[in-house]
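Proteins get letters first, then strands, A, B, ... in listed order; numbering begins at 1 in each. Just so we're clear, the structure is a prediction, and the values are computed from it rather than from any experiment. Note that these values count all heavy atoms, side chains included, but never hydrogens, waters or copies made by symmetry.
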Protein chains: 2
Amino acid sequence: MSNKQALKQYDIKKYRTPDGYTSDICVFTIIAEKNEAYKPPTMDLKIMLIKRAALDSEGNMNIEANKWAIPGGFVQDDETGFQAAQRELEEETNISGIHIKHFGVYDKPGRDPRGWIISNAHYAIVPDTYLSLRKAQDDAADIELFSINDVLDLDLAFDHKQIIEDAIQVITNDLLQTTVAKNFLPEYFTYSELQAVLKTVTNDPAILSDQSFSRKIKSLPFIQEVQGKTTTRTSKRATKLYTFIEMNVIKPIYTARY
Amino acid sequence: MSNKQALKQYDIKKYRTPDGYTSDICVFTIIAEKNEAYKPPTMDLKIMLIKRAALDSEGNMNIEANKWAIPGGFVQDDETGFQAAQRELEEETNISGIHIKHFGVYDKPGRDPRGWIISNAHYAIVPDTYLSLRKAQDDAADIELFSINDVLDLDLAFDHKQIIEDAIQVITNDLLQTTVAKNFLPEYFTYSELQAVLKTVTNDPAILSDQSFSRKIKSLPFIQEVQGKTTTRTSKRATKLYTFIEMNVIKPIYTARY
DNA sequence: CCTTTTAATTAACAAGTTGTTTATTGTTAA
DNA sequence: TTAACAATAAACAACTTGTTAATTAAAAGG
């Protein structure tokens, strides 16, 4: 049994190797829908897609032309798929330090008609300020933000519908079960700003209720009140600010209340 | 910007492609340490590793010889990495319907001295009955079960130490935050059997306390009491049996108690 | 200036949950 | 018969939650 294993491990040439190794990135942003002065924001979780050109660089009909797609590109042979995702996103946005997470591999034979091409799927969280700017600068842009409620109705390239569906599931889980929400917020934020982020992905009554949530935030071990600082971003009255503490949180489903 | 993108997408030959595409599997099992009659079990979470041969099939010195490694092998060009993991595990164990989950890609250039070889990492949950049997049948086996508390001290091949470390983190999270624990248990189980599984990865007092846990299990929406059936596996007294209900559970860290 | 408006915050309370200790049950084995 | 012991149940104080009501502070409009 182990010889068979060893044989397999060594006889590399017996196996066909992939025709391409790529990284794709689902770029999420949260934009404030109604952002009046002295009001808590209403937010919407959006994903950035690019529109594939009609013609390729040689003037031929492009494959999957005019469809919306996740941005991405080939992994170079001196980097990892994760590094490729970082590089591509930084090239595109000129922002560094963006939160990126790998969440899956899409490698079904036939997913790309051009060959056996493997996609490493990542999601990234980009501040809304950048993407709004980007859109305004380049108005002929083949780039658009879609609400996660609408995006799955689009005509999407390759297997990107599946990838986006999975990405939405993953970021929903992460927003609720990790402290990744901090990447959508300024360093110091009010309870209602955090609440607005969480409301984009949950209907949990304990999060929807202002009284409950503003009471609860004080007792969360991974959030700390910022002493001596307030803001009037969300209310006429000076409002307390909070910040995330770096911490690994795991809460078992077996000890939650239902 | 989008032309640059389109160009990249099409000019495949500009990019070197990987030299190999593999799937590796961290096979976990939980074995009952002390399994006396009428006693709740004490359990230990173990991972199955194989020992790499000293010589390869041509009699040459083997690479990473005599080191412990995760089982795995090459992905064929008509299957996905996930299917390859299923196929390899079923070839190895002759069991079908095993729980397998992909959790990461290891593709750092240089991770395998033989070339640019990409590993899809999976974890699998195999009932202890099989692996004990497997070990007994083939006693000269280059196969061994290691407690997750000891395994990281071994001399491990390639980057398998990192992969195993990550696998332990992922299965710990999943055991506590999803219903994946059901794969370590019979269909109908007692509160103390579930408790023993969870105790392999947590010290949460609400799970450690028999009274609290046996009271709490009744109110969990994803677990149901089995009416009219009992067992004496864990006690002289007839004991209630429970079963998992198929259900997606997400509990936000923002609504838990601390 | 006075009043209205509104987000944030506190208060208050009933209902439910938790950690803990103590008691009971049902069965085996000495 | 009795000791042992896992599984329950009971009881209770401490704490948390959902809800409704009250209070605070600052802007905006007369």
Quiz item: When the distance from CZ of Arg257(A) to P of dT17(C) is rounded to whole Å, what number comes out?
Solution: 6 Å
Quiz item: Just how far, in rounded Å, is P of dT18(C) from CD1 of Ile217(B)?
Solution: 13 Å
Exercise. Give me the one residue out of Ile168(B), Leu175(B), Asp174(B) that meets side-chain contact (heavy atoms from CB on, under 4.5 Å) with Thr172(B).
Key: Ile168(B)
Quiz item: Does Tyr254(A) have Lys251(B) sitting over its ring (NZ/CZ under 6.0 Å from centre, angle to axis within 45°)?
Solution: no
Quiz item: What is the distance from CZ of Arg237(A) to P of dT4(C), rounded to the nearest Å?
Solution: 20 Å
Quiz item: Expressed in angstrom and rounded to an integer, what is the separation of Arg215(B) atom CZ from dG19(C) atom C1'?
Solution: 7 Å
Quiz item: Are more than 12 heavy atoms from other residues, nucleotides or ligands located less than 6.0 Å from atom NZ of Lys218(A)?
Solution: yes
Quiz item: Ser192(B) near the nucleic acid: base, sugar-phosphate alone, or nothing, with a heavy-atom cut-off under 4.0 Å?
Solution: sugar-phosphate
Practice problem: For this output row, return yes or no: ring centroids of Phe184(B) and Phe28(B) closer than 6.0 angstrom. | Solution: no
Quiz item: At under 4.0 Å, does any side-chain N or O of Lys39(A) touch on OP1 or OP2 of dT6(C)?
Solution: no
Quiz item: On DNA chain C, nearest-nucleotide positions of Tyr38(B) versus Asp204(B): which is more 5'?
Solution: Asp204(B)
Quiz item: Which word best sums up how the rings of Tyr123(B) and His99(B) line up, parallel for under 30°, tilted for 30 to 60°, or perpendicular for over 60°?
Solution: tilted
Quiz item: Starting at the 5' end of DNA chain D and moving along, which residue's nearest nucleotide shows up first, Tyr258(B) or Asp210(B)?
Solution: Asp210(B)
Quiz item: Would you call the rings of His102(A) and His122(A) parallel, tilted or perpendicular, where under 30° means parallel and over 60° means perpendicular?
Solution: perpendicular
Self-check item: Worked check of side-chain hydrogen bond (donor to acceptor under 3.5 Å, both in side chains) between Asp166(A) and Tyr106(A)
Solution: CA-CA 11 Å; Asp166(A) 294 347; Tyr106(A) 295 82; 2.4 Å; yes
Quiz prompt | chain A footprint on DNA chain D, 5' to 3' - any atom under 4.0 Å from a heavy atom | solution = dT17(D) to dA28(D)
Practice problem: Consider the side chain of Lys218(A), meaning its heavy atoms from C-beta on, and name the nucleotide among dT10(C), dT20(C), dA29(C) that approaches it most closely. | Solution: dT10(C)
Exercise. Write down the partner of dA30(C) under the Watson-Crick or G-U wobble criteria, each distance required to be under 3.5 Å.
Key: dT1(D)
Exercise. Round to a whole Å and report the spacing from CZ of Phe213(A) to P of dA7(C).
Key: 17 Å
